[in-house]
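I have a structure here, written as structure tokens, and I will follow up with some questions on it.
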Amino acid sequence: MKKQTYIKLPVQEPVIQCITQDAYLQAVGLNSAAFYPWMMGQFAQLWACDPRIAAGGVFLYFVAPSYWFACPHLYTQEMSKETINVRYDRIADFLTDSLSLGQYVILPVNRRFIDAFHDDGDGTHDMMIHGYDMTKGLFYIADFFEGNFRLRTCPFEDMENAYFTDTVNPLSWHNTVRLVSPDHHRRHFDFHLAASHDFDTQAVCTQLADYIRGENSLYRYRIRQKQRDSYGHTVGGIRVYDVLMQYVRESVPAEGPLDHRIFYILWAHKHMLTLRAEFMGGLDDARPAAEFAAPFREIEDQARTLLNKVLKRNLKGSGLSCSDVEEALASLRDREVEVIGRFLEMLEKG
């Protein structure tokens with residue numbers, strides 16, 4: 001196929017920067033004005049793995065946007081590295097072919113060969129490629145570099161080494177290469193995980209009601225043909241706080257470090273509650289929602305304060321006991337249930 005010598009697909013700053021897959025989803029999706037309203041209707045629920053399953057740790061995540069196929073504003077394809085390797089001897093050829101078709105590529109690589117990571121150890125990581133320059137022999141890449149979502153470059157040769165020295169298990173989900181392009185024709189149908197293309201007030205109400213009841217909204221999003229219960233090891237909503245408190249109580253030494261990432265995701269969820277109230281305040285059918293921006297912002301600040309204290313504990317090794325963390329989590333949970341309950345009452349009356 002005939003290729004341009006230079007392509008650089010647009011990348012937007014993610015609204016929240018928790019996990020790379022969510023950041024990539026936003027970085028591509030936010031190029032469309034229709035994506036933000038959809039996102040405001042989806043970041044409503046949280047779920048966590050049972051610490052006994054997660055090897056003593058905790059894995060905390062948002063529900064719907066984590067699934068690329070749930071987003072009706074993007075067209076997503078997935079294939080294994082083995083399939084690509086049958087057709088291509090050089091990954092640069094595959095990447096330039098895909099990018100020439102307007103497809104962003106999310107590719108598993110060995111970070112050691114990507115200078116922007118500053119990582120000497122071997123490790124599989126999914127990285128987004130959004131452009132190339134044939135003249136300079138460079139790919140344009142996006143990822144969490146130096147702690148923040150940034151845009152960098154990678155020489156063609158380094159990409160070859162990063163791709164072909166990646167020793168991921170062929171049966172691992174990390175073996176997947178994802179191609180993503182804007183879906184302007186709405187090729188999604190009702191059997192996809194999220195049927196709504198726009199903001200859906202009722203979907204928000206349903207997920208938030210699940211949240212304060214401690215029910216897991218993952219069950220509402222699973223593919224119906226799937227018989228096996230994939231979510232039996234997870235909890236949702238306010239029960240997430242029980243998992244976090246169990247993690248703090250049973251898995252952390254008296255002055256040992258806490259996994260600050262889970263507290264960051266906890267804060268990000270509260271940040272989305274604030275953004276959602278502000279967004280809904282501009283909708284004709286939910287204008288009173290704007291009144292809740294202030295109490296949701298107070299909850300967000302409370303979660304941010306806890307995050308900062310956890311970071312300080314990790315740096316200094318003291319200053320915040322495990323019982324202090326448990327108490328702060330319980331206070332945050334109780335305040336959240338109260339405000340979300342009143343928020344739902346307002347929406348039901350409206």
Side-chain angles (χ1 to χ4, degrees), residues 1-4 7-11 19-29 31-32 35 61 64-114 117 122-132 134 138-143 154 156-189 191-194 221-223 225-226 228 230:
M1 64 179 294
K2 187 175 181 180
K3 303 176 189 177
Q4 301 178 44
I7 285 179
K8 197 173 185 181
L9 301 177
V11 172
I19 297 173
T20 52
Q21 292 294 333
D22 283 345
Y24 297 154
L25 181 76
Q26 298 170 57
V28 178
N31 289 303
S32 166
F35 178 84
Y61 217 36
S66 306
Y67 301 102
W68 285 82
F69 288 103
C71 179
H73 300 288
L74 299 175
Y75 183 65
T76 303
Q77 305 173 70
E78 292 182 350
M79 62 183 69
S80 70
K81 292 179 65 173
E82 284 74 17
T83 300
I84 295 170
N85 296 346
V86 169
R87 171 65 176 81
Y88 291 92
D89 294 325
R90 297 178 67 250
I91 193 60
D93 293 332
F94 168 77
L95 293 174
T96 52
D97 280 353
S98 300
L99 291 161
S100 295
L101 295 172
Q103 297 173 312
Y104 300 77
V105 184
I106 298 172
L107 188 78
V109 296
N110 187 337
R111 285 179 295 192
R112 178 161 64 93
F113 293 93
I114 308 295
F117 285 116
D122 291 308
T124 297
H125 180 74
D126 291 332
M127 183 177 68
M128 186 166 79
I129 300 95
H130 66 101
Y132 65 82
M134 300 284 277
L138 292 174
F139 285 111
Y140 294 99
I141 59 179
D143 209 303
C154 172
F156 282 10
E157 182 179 354
D158 290 354
M159 187 67 73
E160 297 292 333
N161 290 329
Y163 177 79
F164 284 108
T165 64
D166 176 37
T167 56
V168 67
N169 183 334
L171 300 180
S172 167
W173 66 272
H174 268 303
N175 191 45
T176 300
V177 176
R178 182 175 290 119
L179 303 175
V180 183
S181 57
D183 188 351
H184 299 300
H185 305 290
R186 298 192 172 187
R187 288 170 282 192
H188 289 67
F189 299 96
F191 59 80
H192 282 263
L193 297 179
Y221 285 83
R222 65 179 175 180
I223 299 173
Q225 294 91 334
K226 202 170 188 177
R228 184 172 59 86
S230 302

(message) If we ignore hydrogens and angles and just use 3.5 Å, is the side chain of Asn161 paired with the main-chain N or O of Asp158 as donor and acceptor?
(response)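 Checked: no pair found.
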(message) Measuring from atom OH of Tyr104 to atom CG of Leu25, what distance do you get when rounded to the nearest 0.5 angstrom?
(response)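 Spacing of OH (Tyr104) from CG (Leu25) equals 12.0 Å.
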(request) Over all heavy atoms of both residues, which pair between Ala142 and Met127 is shortest? Give the atoms and the distance, please. (result)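 Minimum heavy-atom contact is O-CG, 4.0 Å.
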(request) Measure the spacing between CD1 of Ile106 and OG1 of Thr176 and express it to the nearest 0.5 Å. (result)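 One gets 11.0 Å once the value is rounded to the nearest 0.5 Å.
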(request) Rounded to the nearest 0.5 Å, what's the gap from CE on Met79 to CZ on Arg87? Could you check? (result)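 Interatomic distance, Met79 CE to Arg87 CZ, rounded to 0.5 Å: 11.5 Å.
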(request) Output, in order, the C-alpha distance, side-chain angles, deciding distance and verdict of side-chain contact (heavy atoms from CB on, under 4.5 Å) for Ile114 and His125. (result) CA-CA 11 Å; Ile114 308 295; His125 180 74; over 6 Å; no
(message) For a side-chain contact (heavy atoms from CB on, under 4.5 Å) check, start with the C-alpha distance between Phe94 and Leu179, then their side-chain angles and the critical distance, and finish with the verdict.
(response) CA-CA 11 Å; Phe94 168 77; Leu179 303 175; 3.9 Å; yes
(request) Please name all residues satisfying side chain to side chain contact (heavy atoms under 4.5 Å, CB included) with Arg112, sequence neighbours left out, ordered by chain then number. (result)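 Asn110, Asp122.
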(message) Using 0.5 Å steps for rounding, measure from the CE atom of Met128 to the CD atom of Gln21.
(response)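 Here the interatomic distance stands at 10.0 Å.
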(request) Classify the ring geometry between His130 and Tyr140 as parallel (under 30°), tilted (30 to 60°) or perpendicular (over 60°). (result)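 Tilted, since the angle between the ring planes falls between 30° and 60°.
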(request) Report the C-alpha separation of Tyr132 and Ser100 in whole Å, then their side-chain angles, then the decisive distance to 0.1 Å, and conclude whether the side-chain contact (heavy atoms from CB on, under 4.5 Å) test is met. (result) CA-CA 9 Å; Tyr132 65 82; Ser100 295; 3.0 Å; yes
(message) Using 0.5 Å steps for rounding, measure from the OH atom of Tyr88 to the OH atom of Tyr163.
(response)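 It comes to 11.0 Å.
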(message) My understanding is that only residues two or more places apart in sequence, or in another chain, count here; which of them pass salt bridge (charged side-chain N to carboxylate O under 4.0 Å, His left out) with Glu157?
(response)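 Applying salt bridge (charged side-chain N to carboxylate O under 4.0 Å, His left out) to Glu157 gives none.
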(request) Check the side chains of Tyr24 and Asp126 for a donor-acceptor pair under 3.5 angstrom, ignoring hydrogens and angles. (result)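 No pair is found: no donor N or O on one side chain lies under 3.5 Å from an acceptor on the other.
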(request) Just do the side-chain contact (heavy atoms from CB on, under 4.5 Å) check on Val28 and Phe35 with the steps written out, would you? (result) CA-CA 9 Å; Val28 178; Phe35 178 84; over 6 Å; no
(message) Strictly distance-based, threshold 3.5 Å: is any side-chain N or O of Glu160 a donor or acceptor partner for the main-chain N or O of Ala92?
(response)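 Indeed, once roles are kept as given, a pair shorter than 3.5 Å links the two residues.
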(message) As an exercise, state the distance from CD1 of Ile129 to OG1 of Thr96, rounded to the nearest 0.5 Å.
(response)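 Atom-to-atom, Ile129:CD1 and Thr96:OG1 are 11.5 Å apart.
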